[in-house]
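Here you go, one structure.
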Amino acid sequence: MSVRVRFAPSPTGPLHIGGVRTALFNYLFAKRNNGKFILRIEDTDRSRYVPGAEDHIKESLKWLGIQWDEGPDVGGHYGPYRQSERVNIYKEYAELLVKKGHAYYAFDTPEELEAFRDRLRKSGVPNPQYNSITRQYMRNSLTLPAEEVKRLIESGTPYVIRIKVPRNREIKFYDVIRGWVSFNSNELDDKVLFKSDGFPTYHLANVVDDHLMEITHVIRGEEWIPSTPIHVLLYEFFGWEMPKFAHLPLILRPDGKGKLSKRAAIEAGFPIYAIKWTDPKTKEENPGFREIGFIPEGLINVLALLGWHPPEDREIYTIEELIQYFELERVGKSGAQFNFEKAKWINQQHILKLSPEKLMAYARPFIKEFFPEGIEESKLLEAMLVMRERGTTIREILELTKSVFERPEIEQVINLLPEWNDNVKAALQDFINYIESEELDPSQIPTKIKDIAKKWELKKGKFMLTIRVVLTGQKAGPPLGELLKIIGKNEVVNRLKLVLNAKEERK
RNA sequence: GGCCCCAUAGUUUAACGGCUAGAACACCGGCUUUUCAGGCCGGGGGUCCGGGUUCGAUUCCCGGUGGGGCUGCCA
């Protein structure tokens, strides 16, 4: 049987990187096994539906190159792939369960349930359950006479369908990542399968759809472990073959205190989304990794290493290599804290491997912001190529590049100047003369500087630093020869003269 | 509180009973006399605790402790 996996996000909000990681692992697993990766939108909660969320999810995956083989927009033989477009099929399955005696109608109103829970809590039950004991005291088809149930339903009284969890049974499942996990059914709630609004809950919809879509492996977050026994029961009640389960470890906040949240990420200073998200209600805008200058190759690599480890002792991988190496057996069990520093380093490694064309392509969307006046692409690229090993994101590289094209603040130059005396002035004048007289050749610059320094009895290292500071107002940067070439002959001379004059005036 | 999951350096992790417990990020130091915030080299730092099983436990079992998740007509 060929592998079929699905990523099943709910459009109740934008896709955060935890979700992206789940999607990625599903994708890698599918590709590794020549299987299909399916995108299914689980929009059964219409009260929490957020406009734009589905698009955000799809755009995020597309940007990262996680293309789905079946799903919204691309179709497939098992569609539709949006649960809201499949609503008509769930009720039939819920009712089948009622017929088989594995589920029942419940007429308790939200208020009644609230009161019920309150009562139990007050008498010392911390988390009241609707279970094999308590359901006997509630208004459902197990306690009400058959005619009454019929009457209620026919009169249009709202009801839900709950699973009838059997009493005192061991329910276990084998998790590919964790091994056997077992529960006692007494700890389980009679979960609602079918809501009074005519929509199924996650539990029913995901089991029915996974079965109908012939999903072979359910790879999802660890937070689903507690509800898996309900799903196991459903497969059993329906008489369907269970998919294999694999529960991924959580992505934790950088301080390890709980799972990564939007707030925690913002506090730590990094994005929580792959691409930017604008809240349709508040208009609040949150940049994604794309906007801060990560490239897809980098983010993919970062996320892949969060909870999974390749057999080799290196950490930079292309998506093809990740596919080649991916195994669920090598996914760890414990939660992984997100480390932004390492993420940036990984991103940098991928930027370094980019061809000039691709580097330019990734930089292009940022050009207007950094160079509102516009800039010649060839010139920009030349500079980026020299600066790129000094930045970890496209944005950082552009910032560095931009600074080279701008004249430094005189104040800053003067403050940073490591030395200043008549010899330095003379040496700088010599240097100006040299630049003006010859064609600019980066490879010759160091020797020339050495000669000049020697002539005026200056330490060449210090003199080089002086030139750098004069030219850029920075104490560090790329090799001087390359730097001069980027700045250009005329501007080099201008900047040198400017500082010389400024110093003269302040005497 | 209950149930479930997890536990190797600060962080991500390797080791699937047997080398001085290996790497990467971060940190610290040195070198690079053509600068350095770059590059290269080096260094410190780890098996949560207590019991077993075993000739031998990071690894297997039990118990603690710690952390996390779940506990809705949400997913």
Side-chain angles (χ1 to χ4, degrees), chain A residues 8-13 42-45 47-48 106 108-110 113-114 117 121 124-130 158-162 175 177-178 181-184 186-189 191-203 205-206 220-229 247 249-250 252-259 302 305-316 329-330 332-346 349 387 389-390 418 445-447 449-450 453 459-469 474-481 483:
Chain A
S10 166
T12 50
E42 308 226 328
D43 54 351
T44 53
D45 183 355
S47 67
R48 290 204 308 155
D108 319 280
T109 64
L113 285 171
E114 183 69 20
R117 292 197 180 100
R121 265 193 282 263
V125 182
N127 59 324
Q129 286 182 296
Y130 200 119
Y159 65 88
V160 301
I161 296 176
R162 286 180 182 270
D175 187 290
I177 295 168
R178 290 149 209 279
V181 180
S182 62
F183 295 80
N184 183 294
N186 291 354
E187 296 139 16
L188 269 34
D189 251 8
K191 291 284 183 208
V192 170
L193 301 177
F194 195 81
K195 300 182 277 185
S196 59
D197 64 1
F199 280 74
T201 58
Y202 172 84
H203 306 295
N206 115 85
R220 80 234 290 195
E222 181 185 339
E223 67 270 27
W224 290 107
I225 292 178
S227 52
T228 305
H247 290 94
L250 260 18
L252 271 19
R253 323 169 17 129
D255 58 13
K257 296 259 167 227
K259 59 176 173 179
V302 168
L305 258 27
L306 234 44
W308 171 79
H309 197 273
E312 285 181 30
D313 222 1
R314 61 187 174 100
E315 29 271 296
I316 304 304
E329 286 72 18
R330 294 194 68 88
K333 300 190 238 293
S334 47
Q337 296 179 31
F338 189 83
N339 185 334
F340 191 40
E341 290 308 313
K342 184 156 185 178
K344 283 193 286 192
W345 175 79
I346 291 173
Q349 301 309 305
M387 304 306 280
E389 69 183 33
R390 282 156 197 283
I445 297 293
T447 356
I449 289 178
K450 199 170 143 191
K459 291 186 89 171
K460 45 205 144 146
K462 212 173 195 179
F463 184 50
M464 282 187 121
L465 183 59
T466 302
I467 294 178
R468 177 185 300 285
V469 168
Q474 302 289 320
K475 288 170 81 174
L480 269 185
L483 187 64

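Sequence lines set the chain letters: A, B, ... in the order given, protein chains first and strands last, and positions in each chain run from 1. Here the structure is a predicted model, which means the values were calculated and not measured.
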Requested in this report: Using a heavy-atom cut-off of under 4.0 Å over every strand shown, decide if A:Pro254 touches base, sugar-phosphate, or nothing.
Outcome: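 Nothing: the residue A:Pro254, judged by heavy atoms under 4.0 Å, touches no strand.
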Report task. Work out which heavy atom in A:Pro11 is nearest to a heavy atom in A:Glu42; give both atom names and the distance. Result ->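 For A:Pro11 and A:Glu42, the tightest heavy-atom pair comes out as CD-O, 3.6 Å.
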Query raised in the report: Base, sugar-phosphate, or nothing: which does A:Val181 touch, judged by heavy atoms less than 4.0 Å apart?
Result: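 Sugar-phosphate: the residue A:Val181, judged by heavy atoms under 4.0 Å, touches backbone atoms but no base.
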Query raised in the report: Reckon A:Gly307 touches a base, only the sugar-phosphate, or nothing at all at heavy-atom distances under 4.0 Å?
Result: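 A:Gly307: backbone/sugar contact only, no base atoms under 4.0 Å.
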Requested in this report: Assign A:Arg121 to base, sugar-phosphate, or nothing according to its heavy-atom contacts below 4.0 angstrom with the strands shown.
Outcome: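 Nothing, no heavy atom under 4.0 Å.
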Requested in this report: Have a look at A:Phe194 and say if it touches a base, only the backbone sugar-phosphate, or nothing, with a 4.0 Å heavy-atom cut-off.
Outcome: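 The answer is nothing, as A:Phe194 stays clear of every strand by at least 4.0 Å.
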Requested in this report: Using a 4.0 Å heavy-atom cut-off across all strands, classify A:Ser334 as base, sugar-phosphate, or nothing.
Outcome: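 Contact class for A:Ser334: sugar-phosphate only.
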Query raised in the report: Using a cut-off of 4.0 Å on non-hydrogen atoms, how would the nucleic acid contact of A:Ser182 be classed: base, sugar-phosphate, or nothing?
Result: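 Counting heavy atoms under 4.0 Å across all strands, the contact made by A:Ser182 is with sugar-phosphate only.
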Query raised in the report: Under 4.0 angstrom, heavy atoms only, what part of the nucleic acid is A:Lys259 near: base, sugar-phosphate, or nothing?
Result: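 Since only primed, P, OP1 and OP2 atoms lie under 4.0 Å of A:Lys259, the category is sugar-phosphate.
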Report task. Indicate yes or no: does A:Arg253 engage A:Asp255 in a salt bridge with an N to O separation below 4.0 Å. Result ->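 Result for this pair is yes, salt bridge flagged.
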Query raised in the report: Sequence neighbours excluded, which residues qualify as side chain to side chain contact (heavy atoms under 4.5 Å, CB included) partners of A:Glu389?
Result: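 If we apply the side chain to side chain contact (heavy atoms under 4.5 Å, CB included) test to A:Glu389, skipping adjacent residues, the hits are A:Leu352.
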**Report entry** Nucleotide B:rG68, atom P - distance to CH2 of A:Trp224 in whole Å
**Finding:**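 In whole Å, B:rG68 P and A:Trp224 CH2 are 21 Å from each other.
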**Report entry** Between C1' of B:rU35 and CE of A:Met464, the distance in whole Å
**Finding:**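 Taking CE of A:Met464 and C1' of B:rU35, I get 6 Å after rounding.
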Report task. Describe the nucleic acid contact of A:Pro418 in one word from base, sugar-phosphate, nothing, applying a heavy-atom distance below 4.0 Å. Result ->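 Nothing, no nucleic acid heavy atom in range.
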Nucleotide N/O to protein N/O under 3.5 Å, stretch nucleotides 19-24 of chain B:
from	atom 1	to	atom 2	distance (Å)
B:rA23	O4'	A:Asp313	OD2	3.4
B:rA24	O4'	A:Glu315	OE1	3.1
B:rA24	O4'	A:Glu315	OE2	3.2
B:rA24	N3	A:Lys342	NZ	2.9

Requested in this report: Please measure how far the C1' atom in B:rG30 lies from the corresponding atom in B:rC36, and state the result in whole Å.
Outcome: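 So the two C1' atoms sit 15 Å from each other.
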Requested in this report: Remember a base hit wins even if backbone is also touched, and classify A:Thr44 as base, sugar-phosphate or nothing at under 4.0 Å, heavy atoms.
Outcome: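 Sugar-phosphate, no base atom in range.
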Query raised in the report: What nucleic acid atoms does A:Pro200 come within less than 4.0 Å of, heavy atoms only: base, sugar-phosphate, or nothing?
Result: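 Here A:Pro200 touches the backbone only, sparing every base.
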Report task. Quick one: label A:Asn184 by what it contacts on the DNA or RNA (base, sugar-phosphate, nothing), any heavy atom closer than 4.0 Å. Result ->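 No contact.
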